[in-house]
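Read the structure below first, then the notes.
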Amino acid sequence: MSATVDLTSDAIAAVDASGALADVLGLPDQLRDAMWRVESAGLEPRDTPGGLIVAGMGGSAIGGALARGILGDRASRPIVLARWYDLPSWTTPDTTVLCTSYSGNTEETLALYEAAGALGARRIVATIGGKLADAARADGVPVVPLPGGFQPRAAVAYSLVAALEVAGLCGAGERLHAEIDVAAARAERLVAEWGPDGPEDSLAKEIARGLHGTVPQVAGAGLTAPVAYRWKTQINENAKTPCFSHELPELDHNEIEGWEGAPELGRFSAVFLDDSDLHPRSRQLIELTRGLIASQASASYRIETIGDSRAERLISLVLLGDLVSIYLAVLRGVDPTPVTIIEHLKGALAGG
Ligand code: F6R
């Protein structure tokens, strides 16, 4: 398929057999539902001066990275991600560990859950079930029950809100209910503008057409750094194409040099995720970097977050990236939902 394919609801439905688009369009309601679910889990506030570790992989871990981005310098304690089999050596009973696995069966997350127990850390689990829910039930560990029926990466509203709320409960961040509510309302308006019923030249459709057939390099800074990573992973998993992400200013100390040889290797494109509140030097670097790679990039975009609060702004670009990744899948003619290689790998590990 090509970039001239229509991105209407009917054209998308012909490719999107499992309804991945509907899950993205449901983001506003999922944010509200996620707040209700965490609330209903009745988690006890407990100050843990050692901070918060969000332990999980892939589409479940991304919520921790996005929550840290939303909190920014409102985080009063360290918030780190553990995406491996071991926890940091400084984990103690004064640390909260949020073990987040949508399926509840991811072996790294199960190992992290056990490690947190062995170290006496305060554990909280977010999952739909699986072995993680069984273990939590047996150990009396509180569980935030996630709704079934999603691909883990499509449940981003839930992993994000769970991490934000747990950060608030353990003293690592502020509770941000009002901010999330406003962000959900903003996302609703953006769904109408960028969704399939929006115009064919909407920002989301235009970017998807521009990135189609290229290897995108997505760059963020500060608030938008975890969003750049979300764009990369969504394009990998939904469109099934290579895509890479990096952050400013670091990329201008290495990656920038690689652009010189890019046209010899293929068609590369660049996306810069900008935000009004970035360090002024980062904003300046975006413009300088864009100029420096202009003749090597097949396409380049500078996109700015939309909204007032950090939650609103971050979520606006998560939504945009998720939509772009689905549109890219449709332009390629591939079903966005199945992740057969990931499933194959998990099966191979489970087999020994
Ligand atoms: C699949 C996806 C993956 C999973 C990851 C961990 O949609 O996004 O990145 O999130 O393999 O699986 P869970 O989330 O079930 O622990």
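Each ligand, and each atom within it, is numbered from 1 in the order the structure gives.
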Tested for salt bridge (Lys or Arg N to Asp or Glu O under 4.0 Å) against Glu179, the lone hit among Arg186, Arg313, Arg74 is Arg74
Strictly distance-based, threshold 3.5 Å: is any side-chain N or O of Arg209 a donor or acceptor partner for the main-chain N or O of Val5?
yes
For Tyr229 and Glu247, does a side-chain donor sit closer than 3.5 Å to a side-chain acceptor?
no
Does the side chain of Thr289 come under 3.5 Å of the side chain of Asp252 through a donor N or O and an acceptor N or O?
yes
If we count only N and O atoms by modelled type, under 3.5 Å, do the side chains of Thr109 and Ser101 hold a donor and an acceptor together?
no
Enumerate the pairs of nitrogen or oxygen atoms, one from ligand 1 and one from the protein, separated by less than 3.5 angstrom; state names and distance to 0.1 Å.
residue: ligand 1; atom: 7 (O); partner: Gln151; partner atom: OE1; Å: 2.7
residue: ligand 1; atom: 7 (O); partner: Arg153; partner atom: N; Å: 3.3
residue: ligand 1; atom: 7 (O); partner: Arg153; partner atom: NH1; Å: 2.7
residue: ligand 1; atom: 8 (O); partner: Arg153; partner atom: N; Å: 3.4
residue: ligand 1; atom: 8 (O); partner: Glu237; partner atom: OE1; Å: 3.0
residue: ligand 1; atom: 9 (O); partner: Gly59; partner atom: N; Å: 3.0
residue: ligand 1; atom: 10 (O); partner: Gly59; partner atom: N; Å: 3.0
residue: ligand 1; atom: 11 (O); partner: Lys346; partner atom: NZ; Å: 2.8
residue: ligand 1; atom: 12 (O); partner: Thr106; partner atom: OG1; Å: 3.0
residue: ligand 1; atom: 12 (O); partner: Lys346; partner atom: NZ; Å: 3.0
residue: ligand 1; atom: 14 (O); partner: Ser60; partner atom: OG; Å: 2.5
residue: ligand 1; atom: 14 (O); partner: Tyr102; partner atom: N; Å: 3.4
residue: ligand 1; atom: 15 (O); partner: Ser103; partner atom: N; Å: 2.9
residue: ligand 1; atom: 15 (O); partner: Ser103; partner atom: OG; Å: 2.7
residue: ligand 1; atom: 16 (O); partner: Ser101; partner atom: OG; Å: 2.6
residue: ligand 1; atom: 16 (O); partner: Thr106; partner atom: OG1; Å: 2.5

Within the 3.5 Å criterion, strictly below it, is a donor on Thr224 or Asp274 matched to an acceptor on the partner's side chain?
no
